[in-house]
Amino acid sequence: MGEIVKPSPPYVRYLQNGGEMGALIRSFDWSKTSLGQPDTWSQNLLTTLGIVLQSRVPMFLFWGPESIQFYNDAYRPSLGNQAKHPKALGQSGKDCWPEIWAVIKPYIDQVMGGGEAIWQEDLLLPIYRNGRMEDVYWTFSYSQVIDADGEIGGVLVTCFESTGKVEAHRSLNQTLGRLAESEARMSLLITQAPVGIGVLKSRELLIDTANNKFLQFLGKTEAIIGKPLAIALPELEGQPFLQILDDVYTSGKAYASSEVFALLENNGVLTEYYFDLLYQPIQYEQGRTDSILVVATDITEQVKARHTIEQSSLQFRQLADSIIQMVWVTDGMGMHEYFNKRWYDFTGSNIETCKGEGWNQMFHPDDRERAWELWNHSLKTGEAYEIEYRLRNYNGDYVWVLGRAAPFYDAEGKITKWFGTCTDIHDQKLLLEQKDDFISIASHELKTPLTSLKALMQLINRMKDKSLTPRLSGLIDRASNSADKIYKLVEDLLDASKLNHGVIALNKTLFILSDLIADSVNHLTIDGNYSIKTNGAIDLEVCADAERIHQVITNFVSNAIKYAPDSKEIVINIERIDTGAKISVIDRGPGIAQYKTAQLFDRYYRVDPTISQKSGLGLGLYICSEIVKKHGGEIGVESEVGKGSIFWFTLPY
Ligand code: ADP
């Protein structure tokens, strides 16, 4: 006996397949709904459900007066993950869609009432799904389904969720908006760019685009847009630009050049310009130039400024070449950059041999070390220098020159250059040497007879008695005074020439400075009007040549008496300093102008050579300075016009 197969009820055939929703509909307990079990469902509902379940188009069915709901697998994703699915199956529309019921109820009513089918595109119906309210866009149709009794039994909703499409659309719009915005910004940027930008179209070079700067260079308004370049700027004829542009157009090769000179008409005046220029062909198709992008940067100011500098540097060179002195320039580190023509003529050398060590060969071997030492000191300290040395000329003869150099500071206060000169002082130097030789010989020869004259005068002075008439006695006094003065002058001359030849040896002993000072002051014939005070370290002892230091102090004090006659008080100050002793002679006389003080210790220098009544050769301070230097000390003066002078020197321990 075969197994009896129970025939399945006819409705089953309509609800076959249909994926997840098919299974859910089949297993759903429909008895709890107003529709009752599927075997009681009308043929029309079953037919419609069959269509819904089989369809791959998202479909939703409201059935009966309560709008009991069915939907297929294709619709299912529109309900999201939780909350609505699978609850929506068999639920009444009102319970399922509280958030949009007010919107969709009228559609259902319209269709149930026999009205026209509804068609909506991209309608925003925010629904609650995935645990939150979501903005969902729908494109849908609501259409009637006739039931078995001929009445409208339900509403078939065929719908697509178009949220994705709407959003894509919106973001496309946004992108387009942004694109338009950035294009506008770009075009504004080009318009206001600080360089000239233009586009020339076709081989005719029609002005297609011209930004503000470009128009400004051309001295034109936007009216030139659309015109061929050659017509818009007739002044270009005879200048190379049209030809270059045509070459760029035909060859497709860019042209870039800096400092291009151009004459452009500006307000009716041909104006000179210098540009950094770029002609860039634009090709949308390989080998076919569509247009040419022109980028022009105005560098007229810079180029003109450079021309001015070049001009003034040329003028400097011409000036430097025309003067009698040799002129040189180094960088901040002392590397030689420039020599004038006179230099090359003198040395018979070229720039290579004069660089750096090349100089060495030109110095006299005896002056080399001294010159380098001073130059290096200047480089280190930034102090200007002045020095006499011998340089070898093109003949191989050594010539005395006065070398001077001064630093040049830039705006930040950094030394960027040194300017130097060498002045030929050979003849003066020889004359001075001859003079020195003569003075040396003459003073030497004069010293012996003068010494005897001075001794004789002293003898005569001692032999004076009352038998002499006052007139004769006075004459003897004056003669002996004059002999003293001549003796002093000749002594100075002899000393100066000895010091100059470096032939004075020091005879050092230990002595107390204040004792020596007291002795020096005693030797001076001072009238009662003066008071000389010695202050300070009275007991300070030094090791020096007492006779020479005596000479220095005597010179300082007699100068104070001689040149500051109204200063009735002269103060001598002895000071203990770190390195030794400092002796200052202070007067309240007329003082000396600052700019003259540097030369005071030079040979034969007198501040006011016209004061003939004050005897002197301008040698005293020179002798003092040589003596002090020989001791390893320093000498100097601080003076202010109208206030007085402080002459000082130091002696090391
Ligand atoms: P001189 O033989 O002319 O006195 P010095 O070398 O001793 O030579 O002095 C040089 C110059 O310095 C003097 O001619 C004088 O003009 C100036 N001088 C020296 N001492 C003083 C002083 N105390 N006050 C003002 N001028 C002075």
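Order of listing sets the numbers, starting from 1, for every ligand and every atom in it. For the single chain, residues carry numbers from 1 onward in sequence order. Because the structure is predicted, anything quoted here is derived from the model rather than measured.
- With respect to E569 and K533, a salt bridge is recorded, a charged nitrogen being found less than 4.0 Å from a carboxylate O.
- Among N559, V607, I561, D492, the residue whose heavy atom sits closest to atom 19 (C) of ligand 1 is N559.
- Applying the 6.0 Å contact sphere to CG of L314 captures more than 12 heavy atoms from other residues, nucleotides or ligands.
- Of all atoms in ligand 1, numbered sequentially from 1 with element shown, those under 4.0 Å from a heavy atom of G620 are 5 (P), 6 (O), 7 (O), 8 (O).
- Residues that satisfy the side-chain contact (heavy atoms from CB on, under 4.5 Å) test with E575, not counting sequence neighbours, are N573, I577, K582.
- Close approach of ligand 1 to N555 is summarised as follows: ligand atoms under 4.0 Å from at least one heavy atom of the residue are 7 (O).
- D410 and T416 form no side-chain donor-acceptor contact under 3.5 Å, judged by distance and modelled atom types alone.
- Only the backbone of Y605 comes within contact range of ligand 1, with a heavy atom under 4.0 Å; no side-chain atom does.
- Considering only heavy atoms from C-beta on, D495 comes within 4.5 Å of R548 through its side chain.
- Atom CZ of R368 has more than 12 neighbouring heavy atoms from other residues, nucleotides or ligands inside a 6.0 Å radius.
- With ligand atoms numbered from 1 in the order given, ligand 1 contributes 2 (O), 6 (O), 8 (O) to contacts under 4.0 Å with heavy atoms of L619.
- Between H550 and F511, the distance separating the two ring centers is not shorter than 6.0 angstrom.
- Close contacts between ligand 1 and I592 involve ligand atoms 25 (C), 26 (N), 27 (C) [criterion: under 4.0 Å to a heavy atom].
- At under 3.5 Å, not a single nitrogen or oxygen of Y622, backbone or side chain, sits near a nitrogen or oxygen of ligand 1.
- Evaluation of the side-chain hydrogen bond (donor to acceptor under 3.5 Å, both in side chains) rule for Q239 yields no partner, not counting sequence neighbours.
- Near K562, the atoms of ligand 1 lying under 4.0 angstrom from a non-hydrogen atom of the residue are 4 (O).
- Atoms of ligand 1 found under 4.0 Å from any heavy atom of F647, numbered from 1 in the order shown, are 19 (C), 20 (N), 21 (C), 22 (C), 23 (N).
- The backbone of L617, and not its side chain, has at least one atom closer than 4.0 Å to an atom of ligand 1 (non-hydrogen atoms only; backbone = N, CA, C, O).
- Residue G618 places a heavy atom less than 4.0 Å from ligand 1.
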